[in-house]
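Accompanying notes for the structure given below.
Throughout, a chain's letter reflects where its sequence line sits, starting with A, and its residues are numbered from 1. Computed from a predicted structure; not experimentally measured.
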Amino acid sequence: MATFGAALRLCAGLLALSTGVVLASVLLGGDGSTFVASWQGLVSTADTPMRAIVHALRIPRALAAYGVGGLLALSGCLMQILVRNPLADPYTLGLSGGAAVGALGAMLAGAGAVATAAGAAVGALFACVAVFVLAHRDLIARRRAAHRDDATDLILIGVMLASGFGAIVSMMLVLAPDRNLRGMLFWMMGDLSGVASPWPPLLSMLAALVVAAPLGRQLNLLARGEESASALGVRPNAVKSAIFAIASLATAVAVTTAGTVGFVGLVVPHALRRVVGNDQRVLMPASALCGGMLVVVADTISRIVADPIQLPVGAVMAIIGVPTFLFLLVKRR
Amino acid sequence: MTATLATERLRLAVRDRVLVDALDLRIEPGQVWCVLGPNGAGKSTLLRTLAGLRDTDGGRVLLEGRDLAAWKPLELARHRGFLPQAVVDAFSLTVLEAVTAARHPHLPFWAWGDEDLGTVRAALSRFELDELAERDITTLSGGERQRVNIAALFAQDVGVMLLDEPLSSLDLHHQMKTLHELVAEAGAGRSVVFTVHDINLAMQHATHAVLLDGHGSALAGRKHDVVTSEHLTTAFHHPIHGTTIDGEVVFRAARLTDKRP
């Protein structure tokens, strides 16, 4: 069992590692920029082009990638508890579909980056509200009937909404003019190149952690079933509504910033469960920090490998993540 | 820690079917109650209602003279514990974590929960689980898991212990051990209510009994007044006869044919 001290040491270690990863990402680049030149760009005050690249492009992008990864991994962690299913990820409840419809709709209308992000946000929030309205009996019913398999309805509602949104997205892609198609596909696979400011995802990640962390003990009890949790003084409806809200908002911010980056929300909590166990008080912060690092690494690779072409970050992540995860899965602890 | 649990004209209904009508109970510290009845008679429903996990369909349930609905969940969890019929773990966790988690109601909001493990260790060793403490609970056998959940209820340290089929999937030794520990807890001033299918195990350990027939009638009181051949035969729709062996009444259900195998 993890003690408080051990959890604190783990988080401090991961935070230190994160700093290193972000720093490395900032110092690495394509088009002939060397490590030393990047370092000088980072520390010097002279107004060089390298300084502009590092400060105006690489730093915001790396920090935004970190925030997006942290938000998605934390959200995946919470969703898995909410639906009591290890296969859940931030997009299980149809949120990415809603965001995609909003963002692609804005792109179809010829809107710019800001309007696209706004469209994604509106779509994601619409999907959240739709799930909440449809599933409110599951989420907020005060006392439910005995032995009901409570999570299934919620997943089914999410899967149904996702299918509906998916159909709309396919139609949009078919109807879209060719010049928009590339941008749309990139958005759907996750794209961090258009990040304006790293603060919304980073601060949201911090806020989500601060709100979710105190719920840790109650989440641990909820994982053992609603009935035993409520016998131990947990209000399942209140806790479930809270984690639904936190996870949805976190995902909405991530999707608005970077499009639908897949994989990280499903795999990071899973892989960490095998390493640090299933105590939510440890798993939540560890997922957030590791998710952040994973996306930073994937994004750095995606902008360097095929430079000047940028690869979609979600695809890069899956290509490095899948073998790693399969290795963990087969090895077992 | 002691508490009195009482019901006033308690009515339980599932859809249109009335399971229990106007049941008056008074469960005092030191008493061990068994709840008997055929399948679907409302044993679990009664227990969940007594635990406050389900609203009554009429009448009231009172803990320490106060309506259960008026208790805050966390406060209630410091006075009554409930063992569900089945705990399905969605994720793996260790035995120690599962039992420690039951200390939740006693911890301040910000506490981590690893400060005082005395109660937890005691509960583990009572149910011979010390060696399994670091094992993943999802890899244990059904009976071992059941013992972990019973140990968790003991670690919760409550005045009223409600157990829904605590003996299911336990081997004979652990059935007797569990009942022994429950009786010992009652001796220390707690009250215990459990549902069970084995009438003889119930009679060996309980002081009081509730017999449900699933059609609204519920008998409650001292076990020798409630659990009789006559009452059992009526409730279970099956001939059940009591005989006395070594001064204890033992009940036998009649075979449905006359042939002996």
Side-chain angles (χ1 to χ4, degrees), chain A residues 1-8 77 80-88 141-147 149-151 213-239 269-270 272-274 276-283 332-333, chain B residues 14-15 44-45 47-49 51-55 69 71-78 80-107 109-115 117 120 133-134 136-138 149 152-153 156 158 162 164:
Chain A
M1 199 181 63
T3 61
F4 180 63
L8 216 55
C77 203
Q80 289 171 4
I81 291 289
L82 178 65
V83 300
R84 290 171 52 75
N85 187 325
L87 287 179
R142 201 168 69 86
R143 276 160 198 182
R144 66 185 67 252
H147 315 306
D149 195 356
D150 34 67
L215 296 176
R217 245 170 42 210
Q218 307 191 39
L219 293 181
N220 282 341
L221 288 173
L222 213 51
R224 303 211 66 213
E226 270 182 54
E227 199 158 57
S228 54
S230 46
L232 283 163
V234 176
R235 294 175 202 261
N237 48 346
V239 178
H270 248 301
L272 279 174
R273 240 181 228 126
R274 291 171 177 275
V276 302
N278 198 29
D279 187 335
Q280 301 302 316
R281 298 168 296 179
V282 182
L283 192 60
R332 295 238 173 229
R333 67 178 157 122
Chain B
V14 172
R15 297 196 187 87
S44 297
T45 309
L47 230 64
R48 296 178 69 245
T49 313
L53 299 178
R54 180 187 178 282
D55 289 333
W71 287 75
K72 282 187 195 150
L74 211 53
E75 204 185 350
L76 192 56
R78 284 182 216 124
R80 70 92 184 87
F82 173 66
L83 175 78
Q85 209 169 75
V87 175
V88 183
D89 281 293
F91 301 100
S92 55
L93 71 169
T94 66
V95 168
L96 184 61
E97 284 171 337
V99 178
T100 310
R103 296 293 300 160
H104 173 76
H106 297 282
L107 298 173
F109 185 79
W110 288 106
W112 186 266
D114 60 353
E115 298 86 355
L117 291 178
V120 173
E134 292 304 325
D136 176 349
I137 195 170
T138 56
N149 293 328
L153 180 65
Q156 194 183 343
V158 283
L162 305 163
D164 197 354

Distance in Å, B:Ile137 CD1 paired with A:Arg224 CZ, rounded so as to fall on 0.5 Å steps: 4.0 Å
Chain B contact via A:Ala7 - which portion, at a heavy-atom distance below 4.5 Å: side chain
Short side-chain to backbone donor-acceptor contact, A:Arg217 and B:Ala111, under 3.5 Å: yes
Side chain proximity check, B:Glu97 to A:Asn278, heavy atoms < 4.5 angstrom: no
Which atoms of B:Ala51 approach chain A - backbone, side chain, both or neither, heavy atom under 4.5 Å: neither
Side chain proximity check, B:His104 to A:Asn220, heavy atoms < 4.5 angstrom: no
For the student: nearest non-hydrogen atoms of A:Ser228 and B:Val87, plus distance: OG-CG1, 4.5 Å
Atom group of A:Leu221 that falls short of 4.5 Å from chain B, counting heavy atoms: side chain
Region of B:Leu107 that comes under 4.5 Å of a non-hydrogen atom in chain A: both
Where B:Trp112 and A:Thr3 come nearest, the two heavy atoms and their spacing: NE1-C, 3.6 Å
Listed partners of B:Arg80 passing side chain to side chain donor-acceptor pair (under 3.5 Å), at least two apart: none
Min side-chain heavy-atom separation A:Glu227-B:Gln85 under 4.5 Å: no
Side-chain (A:Arg273) to main-chain (B:Phe91) donor-acceptor, under 3.5 angstrom: no
Closest contact, heavy atoms only, A:Leu232 versus B:Leu74: O-CD1, 4.0 Å
A:Arg235 side chain vs B:Pro73 backbone, donor-acceptor pair below 3.5 Å: no
